[in-house]
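Reading through the structure tokens given below for one structure.
Not measured: the values here are computed from a predicted model.
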2 protein chains.
Amino acid sequence: MTEPPATLEDRRRHVVEIAAQVLATDGPHGLSLRRIATLAGGSTQLVYTLFGGKPGLGDALYAEGFRRLAASMSTAVDVAPPPGDPERLLALGRGYRAFALAEPAFFSVMFGRAIPGFTPARPTRAAGRAATFGQVVTAARECLAAGTLVADDAEELARACWVTAHGLAALEVSGLLAVDDVDAFADVVLRAPVEAHRAR
Amino acid sequence: MTEPPATLEDRRRHVVEIAAQVLATDGPHGLSLRRIATLAGGSTQLVYTLFGGKPGLGDALYAEGFRRLAASMSTAVDVAPPPGDPERLLALGRGYRAFALAEPAFFSVMFGRAIPGFTPARPTRAAGRAATFGQVVTAARECLAAGTLVADDAEELARACWVTAHGLAALEVSGLLAVDDVDAFADVVLRAPVEAHRAR
DNA sequence: ACGCTGTCATAACACTGTTATACACGTGCC
DNA sequence: GGCACGTGTATAACAGTGTTATGACAGCGT
């Protein structure tokens with residue numbers, strides 16, 4: 001039983017993983033310091049030494065959520081046609097939506113103020129944005145370079161796609177999207193901003 | 001000093017108004033039963049007799065939020081060109097965004113999970129949806145009838161506009177939309193789903 | 001060997017939503 | 001008029017929350 005050094009970063013990751021599990025099963029409401037502390041085999045102070053308090057833990061969960069969102073988008077675009085194909089922008093949108101449906105609690109923490117006192121720190125927000133929105137910008141730039149799509153600015157095209165994907169996912173998670181075939185509607189609506197920039 | 005009957009509904013409205021004020025100034029985190037009770041000149045029980053608890057108050061705030069959102073959309077479309085003009089769909093989107101920016105706390109209660117234990121009751125959700133999304137459907141139907149826009153289904157057109165407006169507003173409230181001129185971008189992105197259905 | 005620094009558990013504090021209890025008040029009935 | 005009743009209210013208690021202060025302990029550098 002040779003316990004490795006167990007660096008501070010390792011322990012942080014461990015606690016975040018536990019918190020993520022609680023978040024997934026019981027929602028943001030079940031996230032109490034005492035609970036995740038005992039689940040991690042320690043005392044309440046553990047969270048304070050590792051994260052400085054609940055907002056700090058919230059920030060870590062926020063970052064973890066964006067990491068997972070980025071992963072979901074990444075795996076979706078990996079099975080899509082090669083760079084330059086507008087289909088990749090659609091795949092990213094589908095990955096975005098898939099994450100929201102798979103991890104609604106994380107989604108609420110990231111976009112819905114689900115943790116009472118917590119607002120994400122500016123750098124954390126910027127990093128999350130870069131890891132996710134950056135993928136959309138890349139795909140858009142490739143399409144512009146390949147000439148499959150036309151637009152003044154790759155960022156603006158990417159933003160349009162992002163806004164659509166987020167609106168779709170957010171409304172669906174909120175239970176406000178009363179449609180018979182949501183999947184079909186999702187495809188139609190995600191395709192719209194792409195078709196608007198089709199080369200012809 | 002002849003106190004009028006002060007019906008139950010009146011008192012409910014009064015407390016909701018107080019809660020809305022607290023929500024606007026201190027955010028969802030400042031919404032405590034004791035606080036709004038004392039602000040209303042009563043005891044904690046007040047909230048329980050009027051709403052049955054905090055989730056009940058949350059439901060009332062949720063409904064109030066949709067009432068205000070509907071009002072914001074309504075006033076925006078009132079100064080727009082007459083029915084049948086696609087400009088009306090844009091106006092509704094602008095009203096949607098204006099509400100989100102003016103009342104971000106309400107927006108979080110309605111579309112995030114800003115009140116810890118609360119999930120909106122199904123009828124409340126349906127009513128809110130009808131009061132807001134219904135306006136979009138109406139405007140879309142008028143455009144289809146006037147022949148200014150073409151689409152298979154008015155609802156589908158309306159949904160596309162709604163998704164765009166919501167995505168834009170939600171991302172902006174979350175502080176994730178890093179653009180120089182947000183207003184200009186908002187106009188561009190809101191116009192996209194409308195232009196996609198232009199008659200030609 | 002000493003002191004320092006950082007981590008930890010315990011306990012307390014102020015606060016939260018919720019619930020049970022007891023009291024006041026208005027109404028209907030005899 | 002007087003009395004039971006039911007409703008709304010306030011008080012107090014309960015379990016739980018995040019946070020903070022206190023004291024004990026270990027590891028490390030001088």
With the side chain of [X] defined as its heavy atoms from C-beta on, choose the nearest nucleotide among [options].
X	options	result
B/Gln45	C/dT21, C/dT7, C/dT18	C/dT21
A/Thr49	C/dT7, D/dG18, D/dG8	C/dT7
A/Arg11	C/dT18, D/dG18, C/dT7	C/dT7
A/Ser43	D/dT19, C/dA9, C/dT18	C/dA9

Ring centers of A/Phe107, A/His166 separated by less than 6.0 Å:
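Between A/His166 and A/Phe107, which both carry aromatic rings, the centre distance is below 6.0 Å.
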Rounded distance (Å) that lies between atom [atom2] of [N] and atom [atom1] of [X]:
X	N	atom1	atom2	answer
B/Lys54	C/dC15	NZ	C1'	12 Å
B/His29	D/dT17	NE2	P	15 Å
A/Arg35	D/dG16	CZ	C1'	13 Å
B/Ile115	D/dT17	CD1	C1'	17 Å
A/Phe51	C/dG6	CZ	P	19 Å
B/Arg12	D/dG8	CZ	P	11 Å
B/Leu57	C/dT18	CG	C1'	14 Å
A/Leu50	C/dG6	CG	P	15 Å

Using a heavy-atom cut-off of under 4.0 Å over every strand shown, decide if A/Gly42 touches base, sugar-phosphate, or nothing.
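Sugar-phosphate contact only - A/Gly42 comes under 4.0 Å of backbone atoms but never of a base.
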Just checking A/Leu31: base, sugar-phosphate only, or nothing, at a heavy-atom cut-off of under 4.0 Å?
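Touches sugar-phosphate only.
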Single hit among B/Leu31, B/Leu57, B/Asp59 for side chain to side chain contact (heavy atoms under 4.5 Å, CB included) with B/Ile115:
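When B/Leu31, B/Leu57, B/Asp59 are each tested with B/Ile115, the side chain to side chain contact (heavy atoms under 4.5 Å, CB included) holds only for B/Leu31.
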Contact between B/Arg159 and A/Leu171 at the side-chain level, heavy atoms closer than 4.5 Å - yes or no?
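Sidechains of A/Leu171 and B/Arg159: no contact.
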Got a donor-acceptor pair under 3.5 Å from the side chain of B/Arg34 to the base of C/dG17?
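Result: at least one qualifying N/O pair found.
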Just to verify, which of B/Tyr62, B/Phe66, B/Phe99 counts as forming a ring pair (Phe, Tyr, Trp, His ring centres under 6.0 Å) with B/Phe111?
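Of the listed options, the one satisfying the test is B/Phe66.
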Under-4.0 Å side-chain N/O to phosphate OP1/OP2 contact, A/Tyr48 with D/dT20
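It does not, given that no N or O in the side chain of A/Tyr48 lies less than 4.0 Å from OP1 or OP2 of D/dT20.
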Before you tell me yes or no, could you show the steps for A/Glu17 and A/Arg13 under salt bridge (Lys or Arg N to Asp or Glu O under 4.0 Å), namely the whole-Å CA-CA distance, both residues' side-chain angles and the distance that decides it to 0.1 Å?
CA-CA 6 Å; A/Glu17 200 167 329; A/Arg13 241 193 304 272; over 6 Å; no
Heavy-atom nearest nucleotide on DNA chain C for B/Ser32 versus A/Leu46: which residue maps closer to 5'?
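By nearest-heavy-atom nucleotide position, the 5'-most residue is A/Leu46.
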